[in-house]
Amino acid sequence: MLPLERSIPRAATTEPTWVRRIIIGLGVGFLLLFVVVPLATVVIAALSHGASAYGRAITDPHALRASSSR
Amino acid sequence: MGELWTIATSDRALASYKITFGASFIAATINVVFGTLLAWALVRYRFPGRGIVDALIDVPFALPTAVSGLALTAVLAPNGFIGQFLEPLGIKAVFSPLGITLALVFIGLPFVVRTVQPVLEELEPEVEEAAAVLGASRAQTLWRVIVPPLVPAMLTGFALAFARAIGEYGSVVFIAGNKQFETEITPLLIMSRLEAYDYPGATALALVMLLVSFTMLLAINGLGAWTRRRAGHIT
């Protein structure tokens with residue numbers, strides 16, 4: 001009685017583990033390729049000349065003026 | 001009037017419509033496939049990093065388009081992270097229609113995920129259980145119970161991604177290369193008309209884009225209404 005009650009609903013409303021893995025893999029892989037890689041490139045390029053160069057670039061008077069609302 | 005028609009139907013303009021609408025259509029289609037897949041994985045499955053994946057979906061919304069354009073160009077260039085693998089295969093991913101399409105895929109992804117996701121969350125598992133109890137296989141349940149209410153949301157996501165892709169400028173201009181007749185998108189052509197102080201010419205092109213977009217959105221909405229009615233009949 002009990003094992004039957006447990007096994008039917010689970011199999012009926014979800015996919016086998018391998019199908020789930022493929023779907024998750026495809027989705028996450030797509031996101032990695034299209035979003036994470038470009039995003040990482042931006043961060044790496046921004047810091048490629050070191051943290052101090054990054055700090056100088058964002059505190060440059062022109063940058064500050066352009067990003068303030070006044 | 002005749003002059004406007006000449007501008008709007010010039011060879012250069014026609015080539016730009018082809019690339020703009022073609023790339024946008026392909027990109028929106030890819031977005032529907034992978035966007036729905038991602039929405040499904042996020043709603044139905046629990047896996048490590050799910051919260052991060054959910055947050056990353058919105059990055060294309062948050063990133064300034066010029067930044068995403070430059071980032072994608074850097075990644076896909078022959079010496080870039082992904083481009084270095086495409087180069088030996090003879091695939092040109094920057095300054096080509098492929099590059100334009102890839103940029104539009106990036107821009108449009110959140111539209112599909114964020115329209116399909118809430119609809120999936122609203123689907124009651126009881127309906128699927130009922131289908132299973134009534135003897136439906138998982139494939140039948142998927143096709144006849146889950147997909148019909150999902151189709152209108154997928155169409156809306158497609159329409160949003162497509163509409164955004166047609167007007168997209170910032171993220172495309174860097175990766176496109178903007179070669180006349182090859183990789184020149186219509187928004188760029190409008191821009192160059194404006195820079196030449198040719199306002200009527202720019203408006204003529206804008207009008208064509210407006211008409212095509214409007215017709216396509218109308219068709220997609222009509223299709224959505226039809227699928228909703230059909231779904232209503234099934235349940």
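Numbers restart at 1 for each chain; the letters A, B, ... are given by sequence-line order, proteins then strands. As the structure is a prediction and not an experimental result, all values here were calculated from the model.
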Query - Region of L56(B) in contact with chain A, defined by heavy-atom distances below 4.5 Å - result: both
Query raised in the report: Can you pull out the residues in residues 49-64 of chain A with any heavy atom less than 4.5 Å from chain B?
Result: none
Query - Within 6.0 angstrom of R21(A) CZ, more than 12 heavy atoms from elsewhere - result: no
Report task. Would you please test F47(B) and R20(A) for side chain to side chain contact (heavy atoms under 4.5 Å, CB included) and show each step? Result -> CA-CA 10 Å; F47(B) 53 93; R20(A) 272 185 297 193; over 6 Å; no
**Report entry** Distance-minimising heavy-atom pair for L37(B) and G27(A)
**Finding:** CD2-N, 3.7 Å
**Report entry** E122(B), CD: over 12 other non-hydrogen atoms inside 6.0 angstrom
**Finding:** no
**Report entry** Part of L39(A) within contact of chain B (heavy atom distance under 4.5 Å)
**Finding:** side chain
Requested in this report: Sort out for me which of T41(A), V37(A), L33(A) touches chain B most, counting heavy-atom pairs under 4.5 Å.
Outcome: V37(A)
Query raised in the report: Which pair of heavy atoms, one from V75(B) and one from P38(A), lies closest together, and at what distance?
Result: CG2-CA, 3.7 Å
Query - Contact class of F81(B) relative to chain A, heavy atoms under 4.5 angstrom - result: side chain
Query raised in the report: Could you go step by step and tell me if F34(A) and L102(B) meet the side chain to side chain contact (heavy atoms under 4.5 Å, CB included) rule?
Result: CA-CA 8 Å; F34(A) 270 89; L102(B) 292 176; 3.5 Å; yes
Query raised in the report: For L63(B), is it the side chain, the backbone, both or neither that has a heavy atom under 4.5 Å from a heavy atom of chain A?
Result: side chain
Report summary line: Between the OG1 atom in T14(A) and the CD atom in E128(B), the distance rounded to the nearest 0.5 Å is 9.0 Å
Report summary line: Residues I30(B) and F30(A): closest non-hydrogen pair is CG2-CE1, 4.2 Å
Query raised in the report: How about I52(B): does its CD1 atom have over 12 heavy atoms from other parts shown lying under 6.0 Å from it?
Result: no
